[in-house]
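Before any comments, here is the structure.
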Amino acid sequence: MERTEFITVDTHTGGEPTRIVLDGIEADTLAGETVRERRDRFEATADGVRKLLMQEPRGHADMFGAVPVPTDRADLGVFFMDTDGYLDMCGHGLIGVVTALIERGELPEAPELTVETPAGLVDVTVKIADGVVRRVAFENVDSYVCETVTVEQDGVPVEARIVYSGNYFAVVDADSLGVVLNSEDATQCIDPALELRRAVNDAAPKDPVTGTRATVSAVELTASDDSDRSCVVFADGSVDRSPCGTGTCARLTLHHVDGDLAVGERVEVTGPVGSTFEGYITDTSVDSGVTVTSPVVSGTAHITGEHTFYQNDDDTLGSFTLS
Ligand code: PYC
């Protein structure tokens, strides 16, 4: 029997997991100049490793992961994956990776770091006390509103605002999908959110800055009572337990563009399990006639464990998601 081993350290950020792969991935499957190229090569040549570590029986329907990779453009390179594929940027994952690598001594205890992600360079500020990372803030890549798409759901028109914040989000009022956000049951968001994402992507929204198609990967349901409570559904129906880092950036950008949030004004957002992130807009500019913001979001992560996963060649079950 032949065995391949994968070493991970796992964290949670406001309840949302990040399984960080430290060892076991073959170097040639991560080859590339940029982090995006390394991620694309991994997807093309080693996607089975993502499935092995994210899906059952080693992961679960809401598992999330990150792969740190070498870069000479920043202090750290990292790409993100889930049970269904890959995201270009992830706030909770970034907070988890920075926390774990500093606490394990694999990143310097520096108050400021730069991280290269597939979406671009992200500046990170870290608060450390007694060797423990207390808080991580990241200034995301540029964020902007793309367009508003109206789709029909159960015969009713629903308005979704498409925002880029490292990933494309469809931001929608939970009421319009018949969902009450502060109920006990966040899983009620999944089906309406996935149906909305399908309908929005069928409408082929455009990115006004790049001129390309804006393919929505995540749906952010927001409460209409101004509580800044939200629930983000992504991948194949995963619910982000945290308030979602890139989702918070999308929300901040919308608030700013709507005239409800001044530059520098701080907002606390609450996710489905009651954990919070804080955010603000640090700067704005205009590109292609569109207001572009630089959002900053901060939160806290904790290491939950370390794992050595086995892939034995006599184990023929493979990886799966239960649908
Ligand atoms: O924190 O940006 C985030 C995120 C995206 C998907 C899950 N979490």
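Order of listing sets the numbers, starting from 1, for every ligand and every atom in it.
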Taking salt bridge (charged side-chain N to carboxylate O under 4.0 Å, His left out) as the cut-off, I'd like each qualifying pair that reaches into residues 79-100, sequence neighbours left out, listed once. R36-D88, R39-D88

Quick one about D287 and S285 (side-chain donor to acceptor, distance below 3.5 Å, no hydrogens or angles considered), yes or no? no

Under 3.5 Å side-chain donor-acceptor pair for Y164 and D142: no

All pairs passing salt bridge (charged side-chain N to carboxylate O under 4.0 Å, His left out) where residues 89-104 contributes a residue, at least two apart: R104-E106, R104-E306

Going by atom types alone, do T291 and T284 pair a side-chain donor with an acceptor below 3.5 Å? no

Contacts table for residues 25-34: side-chain donor-acceptor under 3.5 angstrom, sequence neighbours left out:
residue : atom : partner : partner atom : Å
T29     : OG1  : E26     : O            : 2.6
T34     : OG1  : E37     : N            : 3.0

Please tabulate, one line per pair, the protein N or O atoms found under 3.5 Å from any N or O atom of ligand 1, giving the distance to one decimal.
residue  : atom  : partner : partner atom : Å
ligand 1 : 1 (O) : G91     : N            : 3.3
ligand 1 : 1 (O) : H92     : N            : 2.8
ligand 1 : 1 (O) : H92     : ND1          : 3.4
ligand 1 : 1 (O) : G245    : N            : 2.7
ligand 1 : 2 (O) : G91     : N            : 2.8
ligand 1 : 2 (O) : G245    : N            : 3.4
ligand 1 : 2 (O) : T246    : N            : 2.8
ligand 1 : 2 (O) : T246    : OG1          : 2.6
ligand 1 : 8 (N) : H92     : ND1          : 2.9
ligand 1 : 8 (N) : D240    : OD2          : 2.7

